[in-house]
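On a predicted model such as this, the values are computed, not experimentally measured, just so you know. Proteins come first, then strands; the chains are lettered A, B, ... in the order of their sequence lines, and each starts at number 1.
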There are 2 protein chains.
Amino acid sequence: MGRKPNQSPLRRRITIHDVAKETGFAVSTISNALAGKSHVSEETRARIQEIAERIGYRASSAARSLRLRQSLMIGVLVADVANPASPDFLRGIEDVATQNGYDVLLCNTDGSEKRQIAQMRALLDRNVDGIILISQHCSSPEIRALLADGTPYVLLQRRTSLHADDYVGADNVNGIGEAVAELARLGHRRVGFIRGPADSSTAAERYEGFCNAVAQHGLDPDPALVHDGDYSVERGYRVTLDFLSSSRPPSAIIASNDMNALGVLDAAAAKNVQVPEQLSVIGYDNVIFAGFARISLTTIDLPKREMGAAAATLLMKRINSRRRSAPKTVIFPTRLVLRGSTGPAAEPQSAAASHNRIRSKQEKDRP
Amino acid sequence: MGRKPNQSPLRRRITIHDVAKETGFAVSTISNALAGKSHVSEETRARIQEIAERIGYRASSAARSLRLRQSLMIGVLVADVANPASPDFLRGIEDVATQNGYDVLLCNTDGSEKRQIAQMRALLDRNVDGIILISQHCSSPEIRALLADGTPYVLLQRRTSLHADDYVGADNVNGIGEAVAELARLGHRRVGFIRGPADSSTAAERYEGFCNAVAQHGLDPDPALVHDGDYSVERGYRVTLDFLSSSRPPSAIIASNDMNALGVLDAAAAKNVQVPEQLSVIGYDNVIFAGFARISLTTIDLPKREMGAAAATLLMKRINSRRRSAPKTVIFPTRLVLRGSTGPAAEPQSAAASHNRIRSKQEKDRP
DNA sequence: TTGTATGCGTTATCAC
DNA sequence: GTGATAACGCATACAA
């Protein structure tokens, strides 16, 4: 309309041409100088930098992205930012991404495959240079097709056995193994186990670890001690009610993760079952609240931030090496963190044990 | 080097030209058809859409961004993703952003102004169409300069009195007012208050609300009942130790927020002070763990997701209206959520009250 | 060492 | 209703 060309509030973007005009050099020289190329004398570079700074020149990343066919962004798909474990992974990723000049495009998938596909498409449209998938679906045909697009990606916290991908995870089998060992040491014979979602590789590994350890320590292998579940508080609550009302309830429960364990604790409280006197509880993840004095949940710690950083590092390597090399797998060790939710088994034959509570390695809870 | 042009793993991107070639139409027609412009016959549009879909055409957002001078991305600056309140705000933002075709570029500032400035610059370089600042610094000269750049922005959860900005917040004064009223009703006369960070407008408003309410209800205005603090668990813990060891300790404490209240609870436990029998505690934010049975913290709820959505909506409006209009402020009401951490004051004169615990509106804790 | 010209993939303007 | 063409701002091959 009647909008004048140089109307003040709509000031034109300062481009590389402006710097060229101002300095008297050609645009290519500006570009080279600012990009740190070697073909330009130090004094020209200095002069160019100074002027560019002075007139407030900032390269357009859209133009650069179009030209270079790369965006200096990575996409991160997370099932749920609100899960207390997610932010730690994110921080690790962000740390190394930023360090390498990359920005992070974050997407929530809500665990929905449909949403995940839409988000992945959006990310690919944006020309992200790589993608990190945290606890995401990764076997469906559509998703494999998207993944096969050529954009590097790394799986974090969930993998698939069907495909060879870059993967960063934790030693889930051993993690659960330690937990079971501790319970065995405390005299527990019947240990309940809440499985995570059926499609979670992490949950499957933990279950495998559980079975191994139960056999190894000669605990009761009663199949009634294993309940299917997911990662929710609600499910932990309901499954625990089932456990407690069964004819031979377990003296300890290993939950699918910390959130799930919360449900277990709540259910125990609702049934007036004392923790750990009558029931020991172990979670997984060591999220922030597990350490609160009011909760004091024994759990299996994952180096979440380090894992995120490792995933991002792996992704950076993929991005920067053009030739395809074999998929890499990085597995981090876990660590059993003993707190107040575990104690000696209070079974008839060892009633005495519940008096002299042995919690040798009990962690001192910080304020 | 010897890299052949059409080397298979580096297959060329499918562009609008490919669709043009395949359909026989001109690129401009393709563009119009796909963009839903009206100047194209329905059958052409259908045909184009079908072919585009079939050959897997996806528009390059870099090119579009360059051409349109907008990125369809918004930047979100958050002090700390790991704070349990942040994800809720984020979700609200993401909801409406996605709905409007925008993606979210997320940045952690760690509460550091330096980092914040760097991140804002990065965001601006990326041509984000707008920025949402959650609980961020917003008065320093550098930041004001960046904000003045012309890119629309909305402040969420922290504002500045010095400048007129778009702002979405909660009715902090009234929120604390209700909390104090409830404590007064329960017979508390000496209520401790932990202030949030000095540079937080939210904290300042809450303090103002506290002072008002104390006066209104005729509570003890003893200045020793107000401690400076921040939002951390640690500070809540330390301040509470101080409170409890003073000559005339408060019978109730209002913490700066829920995390802070956690510290209060931990300190009370450490000193064997029963909550709520000997000490009532109120938090702020109603984060997820406040509702856990083990914590059961009375707190002031903010509609965080709605607030995030409102901020994003406001931002969308700004982006889509070229002319500057007056800054808007949206204030959401708060809601006092009664749980197990508050009870009747156990002061000498009202010892009876502690027997018939009146918790009229006590929320039934979900499993 | 510096300058010129071209293309990256879109959309908008205009002509047909 | 449809088509040709000119930007958008940058990086780079190649010429000077």
Novice: Using a distance-only criterion (donor-acceptor N/O pair, under 3.5 Å, no hydrogens), is the base of D/dA11 paired with the side chain of A/S28?
Specialist: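 No, the side chain and the base share no sub-3.5 Å donor-acceptor pair.
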
Novice: Rounded to whole Å, please give me the gap between CG in B/D18 and P in C/dG9.
Specialist: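 Rounding to the nearest Å, CG of B/D18 and P of C/dG9 are 9 Å apart.
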
Novice: Does a distance-only test, which skips hydrogens and angles, find a donor-acceptor pair under 3.5 Å between the side chain of B/R67 and the base of C/dT10?
Specialist: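 Counting by modelled atom types and ignoring angles, no donor-acceptor contact under 3.5 Å is found here.
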
Novice: Which part of the nucleic acid, if any, lies within reach of A/I16 when heavy atoms closer than 4.0 Å are counted: base, sugar-phosphate only, or nothing?
Specialist: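 Sugar-phosphate, no base atom in range.
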
Novice: Apply side chain to side chain contact (heavy atoms under 4.5 Å, CB included) to A/N108 and B/L90, showing your working.
Specialist: CA-CA 10 Å; A/N108 251 281; B/L90 276 182; 5.9 Å; no

Novice: How is B/A62 classified with respect to the nucleic acid when contacts are heavy atoms under 4.0 Å: base, sugar-phosphate, or nothing?
Specialist: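 Here B/A62 touches no strand at all.
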
Novice: Scan B/K328, B/R159, B/R144 and name whichever one has a side-chain hydrogen bond (donor to acceptor under 3.5 Å, both in side chains) with B/D165.
Specialist: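 It is B/R144; the other options fail the test.
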
Novice: For the atom pair OH (B/Y153) and CG (B/L147), what is the distance rounded to the nearest 0.5 Å?
Specialist: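 Output value for this atom pair is 4.0 Å.
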
Novice: When the axes are fitted on five pairs at both termini, how much does the helix from C/dT1-D/dA16 to C/dC16-D/dG1 curve, in 10° steps?
Specialist: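 Nearest ten degrees gives 40° for this helix.
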
Novice: Does B/S65 get its side chain close enough to the base of C/dT10, under 3.5 Å, for a donor-acceptor pair?
Specialist: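 Answer is no: no donor-acceptor pair is held.
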
Novice: How many angstroms lie between CG in B/L156 and CG in B/D166, if you round to the nearest 0.5 Å?
Specialist: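 Between B/L156 CG and B/D166 CG, I get 12.0 Å after rounding to 0.5 Å.
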
Novice: Show the numbers, then the answer: is there a salt bridge (Lys or Arg N to Asp or Glu O under 4.0 Å) between B/R47 and B/E50?
Specialist: CA-CA 5 Å; B/R47 177 163 167 67; B/E50 188 239 310; 5.0 Å; no

Novice: Establish, with yes or no, whether the OP1 or OP2 oxygen of D/dG9 is under 4.0 angstrom from a side-chain nitrogen or oxygen of B/R69.
Specialist: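 It does, given that an N or O in the side chain of B/R69 lies less than 4.0 Å from OP1 or OP2 of D/dG9.
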
Novice: Could you pull out the closest heavy-atom pair between A/G56 and A/I14, with the gap in Å?
Specialist: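 Nearest heavy atoms, A/G56 then A/I14: O-CD1, 3.8 Å.
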
Novice: Tell me the interatomic distance from B/F25, atom CZ, to D/dA4, atom P, rounded to whole angstroms.
Specialist: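 In whole Å, D/dA4 P and B/F25 CZ are 12 Å from each other.
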
Novice: Are OP1 or OP2 of D/dG9 and a side-chain N or O of A/T15 less than 4.0 angstrom apart?
Specialist: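 It does not, given that no N or O in the side chain of A/T15 lies less than 4.0 Å from OP1 or OP2 of D/dG9.
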
Novice: What's the CD-P distance between A/Q70 and D/dC10, to the nearest Å?
Specialist: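 These atoms are roughly 16 Å apart.
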
Novice: Under 4.0 Å between a Lys/Arg side-chain N and an Asp/Glu carboxylate O for B/D129 and B/R318?
Specialist: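 Looking at B/R318 together with B/D129, the answer is no, because their closest N to O distance does not fall below 4.0 Å.
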
Novice: Under 4.0 Å between a Lys/Arg side-chain N and an Asp/Glu carboxylate O for A/D149 and B/R13?
Specialist: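 Not counted as a salt bridge, because no side-chain N and carboxylate O are separated by less than 4.0 Å.
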
Novice: Please determine if a side-chain N or O atom of B/T29 lies less than 4.0 Å away from the OP1 or OP2 oxygen of D/dG3.
Specialist: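 The answer is yes; a side-chain N or O of B/T29 sits under 4.0 Å from OP1 or OP2.
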
Novice: Among residues 40-58 of chain A, which residues get a heavy atom nearer than 4.0 Å to DNA chain C?
Specialist: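 Of all residues in residues 40-58 of chain A, the ones placing a heavy atom under 4.0 Å from DNA chain C are A/V40, A/S41, A/T44.
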
Novice: Tell me: CG of B/N32 to P of C/dC16, nearest whole Å?
Specialist: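 One finds 18 Å between P of C/dC16 and CG of B/N32, rounded.
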
Novice: Within a 6.0 Å radius of atom CD on B/E142, are there more than 12 heavy atoms belonging to other residues, nucleotides or ligands?
Specialist: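 Counting other residues, nucleotides and ligands, CD of B/E142 exceeds 12 neighbours.
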
Novice: With the side chain of B/L66 defined as its heavy atoms from C-beta on, choose the nearest nucleotide among D/dC10, C/dG9, D/dG3.
Specialist: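 My answer, after comparing the listed nucleotides, is C/dG9.
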
Novice: Nearest of D/dT12, D/dG3, C/dT10 to any side-chain atom of B/A59?
Specialist: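 Among the listed nucleotides, the one closest to the side chain of B/A59 is C/dT10.
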
Novice: Under 4.0 Å, counting only non-hydrogen atoms across every strand here, what does A/S31 touch: a base, just sugar-phosphate, or nothing?
Specialist: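 If one applies the 4.0 Å heavy-atom cut-off, A/S31 turns out to touch a base.
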
Novice: Round to the nearest Å and state the distance from A/I14 atom CD1 to D/dC10 atom P.
Specialist: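 To the nearest whole Å, that distance equals 11 Å.
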
Novice: Looking at B/K37, does any N or O in its side chain come under 4.0 Å of the phosphate oxygens OP1/OP2 on D/dT2?
Specialist: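 For D/dT2, neither OP1 nor OP2 has a side-chain N or O of B/K37 closer than 4.0 Å.
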
Novice: What nucleic acid atoms does B/L68 come within less than 4.0 Å of, heavy atoms only: base, sugar-phosphate, or nothing?
Specialist: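 Sugar-phosphate contact only - B/L68 comes under 4.0 Å of backbone atoms but never of a base.
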
Novice: Rounded to the nearest angstrom, tell me the gap between atom CD1 in A/I30 and atom C1' in D/dA11.
Specialist: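 Atom-to-atom, A/I30 to D/dA11, this comes out as 13 Å.
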
Novice: Check the pair A/I74, A/L105 against side chain to side chain contact (heavy atoms under 4.5 Å, CB included), reporting the backbone distance first and the verdict last.
Specialist: CA-CA 6 Å; A/I74 64 172; A/L105 218 38; over 6 Å; no

Novice: Mind calculating the distance between NZ (B/K21) and P (D/dG3) to the nearest angstrom?
Specialist: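 Spelled out: NZ on B/K21 to P on D/dG3 is 15 Å.
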
Novice: Please give, in whole Å, the distance from D/dC8 C1' to A/R13 CZ?
Specialist: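 One finds 10 Å between C1' of D/dC8 and CZ of A/R13, rounded.
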
Novice: Let's go through B/D88 and B/R305 carefully: what are the C-alpha distance in whole Å and the side-chain angles of both, what is the deciding distance for salt bridge (Lys or Arg N to Asp or Glu O under 4.0 Å) to 0.1 Å, and is it a yes or a no?
Specialist: CA-CA 5 Å; B/D88 291 330; B/R305 190 155 174 175; over 6 Å; no

